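Since this is a predicted model, take the numbers as computed values, not measurements. Naming: A, B, ... by sequence-line order, numbering from 1 per chain.
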Protein chains: 2
Amino acid sequence: MFEVFRKYLSSKANLSDADFERIKAVSVIKKLRKHQYLLQEGDVWRSNAFVAKGCLRRYQIDAKGQEHILTFATENWWIGDRDSLLTGNPAISNIDAIEDSEVVLINKENFDQLCQQLPTFNEFIQTILQKSFIASQNRIYATISYTAEEKYQNFISTRPELANRVPQHMIASYLGISAETLSRVRNQMTKK
Amino acid sequence: MFEVFRKYLSSKANLSDADFERIKAVSVIKKLRKHQYLLQEGDVWRSNAFVAKGCLRRYQIDAKGQEHILTFATENWWIGDRDSLLTGNPAISNIDAIEDSEVVLINKENFDQLCQQLPTFNEFIQTILQKSFIASQNRIYATISYTAEEKYQNFISTRPELANRVPQHMIASYLGISAETLSRVRNQMTKK
DNA sequence: GAAATAGCTTGATAAATGTCAAGATAATTC
DNA sequence: GAATTATCTTGACATTTATCAAGCTATTTC
């Protein structure tokens, strides 16, 4: 599974074989069965996780016990709880596997060292953060300005790989609408 | 006005007098009257802007002509269009002054140089990006999971400096609810 | 300081979306 | 492969929020 990670890295940053070895030395492969937690609310998140295979979600549970999905991550995505990682506080979000998955974990200390030692690595990691932030802002725009149907349309075009991969009630949760509304919206769309 | 910026910087990063001089040399002060644009949709955004005085907002206009506010920035905040800055594409958002304001502008090239030359500067800029992203994710959670009243309550506690400073229809726009609903929510809250 | 504009509130009504319940089908588990 | 569980759909109805319109203040402009 490290090969998937290596292939991803080499497409993003110019790294030598020695660099790859250094990265490999601090990478930990973790296999997850469907429904298995990678992070549970209350625990501290101390790593960066790269998804080599499968699909995971990050979500928070509100006062009424409802889940709200913040992130989906499939192959070649990163996932984690940045808040907990940065502050060291217990996480308020959960991460679990939607499918049997494999992730590459690099703990914070090792990851920071890699960033310091490998400038190209650092650079593309920074770019990911930049792009993630921009995507996050775009999602806010969608959430505050779109109707339910527009939210779903936008989801299909921005995350096409997920539309037929994850259950629809999870897509609904991600979009902030009810599963029933999503079902009706989809029904309407086919009639057009 | 550079003094405000200097004071802010010195509270965030360990910088020498020479460093400050270097920063000052590439800083451009810009004064804005209320309602004046700092960035207009269609133009390319090429700087980082620090708010030394006043209050600005960043917003997008939807297909129906409605404004949706993405960001408020008061003293000691940064504002800009990261998407346009990163990609070089024309901005789809607008930035204008809600009050008479003064901003410190540093263009992209100079800013990147500062980051390369001043490690502590770079470090705290990265931290701001991290925290901004976390805040953005928290806002998504609020937007997809809270009722109108909860959104406003949350706004008051996360952005107390804005609650009595910007018009309420702008707060409503930021929260993704109508101005009338916000008015009613506020009315209800006083009765409790 | 009169006139114009912007901001806020309130009522009446409409529209969008949520909730609850039931049933159908598909997928998973033992 | 039978039983269980998860997923999706649909209907009926409730609730939340939006929209439209009017009026009232406060603020800004000339």
- Message: Is the ring pair F121(A)/F124(A) parallel, tilted or perpendicular, if the boundaries are 30 and 60 degrees?
- Response: perpendicular

- When the distance from CZ of R33(B) to C1' of dT28(D) is rounded to whole Å, what number comes out? 13 Å

- So does Q168(A) get a side-chain nitrogen or oxygen closer than 4.0 Å to the phosphate oxygens (OP1/OP2) of dT7(D)? no

- N-O pairing of R57(A) and E67(A) below 4.0 Å: yes

- Task: Report the distance from atom CD1 of I171(A) to atom P of dT9(D), rounded to the nearest whole Å.
- Result: 11 Å

- Query: Is it true that R165(B) and E75(B) make a salt bridge, defined as a side-chain N closer than 4.0 Å to a carboxylate O?
  - Reply: yes

- Message: Once you measure the plane-to-plane angle for H68(B) and Y141(A), does it fall in the parallel (<30°), tilted (30-60°) or perpendicular (>60°) bin?
- Response: perpendicular

- Message: Between E149(B) and K151(B) (salt bridge meaning N to carboxylate O under 4.0 Å), is one present in this structure?
- Response: no

- Where do I144(B) and G176(A) come nearest, in terms of heavy atoms and distance? CB-CA, 3.7 Å

- Helix axis bend for the helix from dG1(C)-dC30(D) to dC30(C)-dG1(D) - C1'-based end axes, five pairs, 10° rounding: 60°

- So does R46(B) pair up with E109(B), basic N to acidic O under 4.0 Å? no

- Could you tell me whether K24(A) and E21(A) make a salt bridge, using a distance below 4.0 angstrom between a side-chain N and a carboxylate O? no

- For a ring-ring contact (aromatic ring centres under 6.0 Å, His included) with Y174(B), tell me which candidate from Y59(B), Y152(B), F72(B) qualifies. F72(B)

- Message: Measure NE2/H169(B) against P/dT10(C) and give the value in whole Å, please.
- Response: 18 Å

- Message: Expressed as a whole number of angstroms, how long is the span from N164(A):CG to dT7(D):P?
- Response: 15 Å

- Protein-proximity profile, nucleotides 19-30 of chain C, B/S/- by nucleotide at the 4.0 Å heavy-atom cutoff, equals BB-------S--

- Query: What's the CZ-C1' distance between R186(A) and dT17(C), to the nearest Å?
  - Reply: 18 Å

- In whole angstrom, what separates L182(B)'s CG from dT10(C)'s C1'? 14 Å

- Nearest-nucleotide 5' precedence on DNA chain C, A179(B) against A148(A): A179(B)

- Message: Measuring to OP1 and OP2 of dT9(C), would you say a side-chain N or O of N187(B) lies under 4.0 angstrom away?
- Response: no

- I177(B) atom CD1 is separated from dA18(D) atom P, nearest whole Å, by 7 Å

- Query: Which whole-number value in Å describes the distance from I98(B) CD1 to dT27(D) P?
  - Reply: 17 Å

- Message: Of the listed nucleotides (dG18(C), dC8(C), dT9(D)), which one gets closest to any side-chain atom of P167(B)?
- Response: dC8(C)

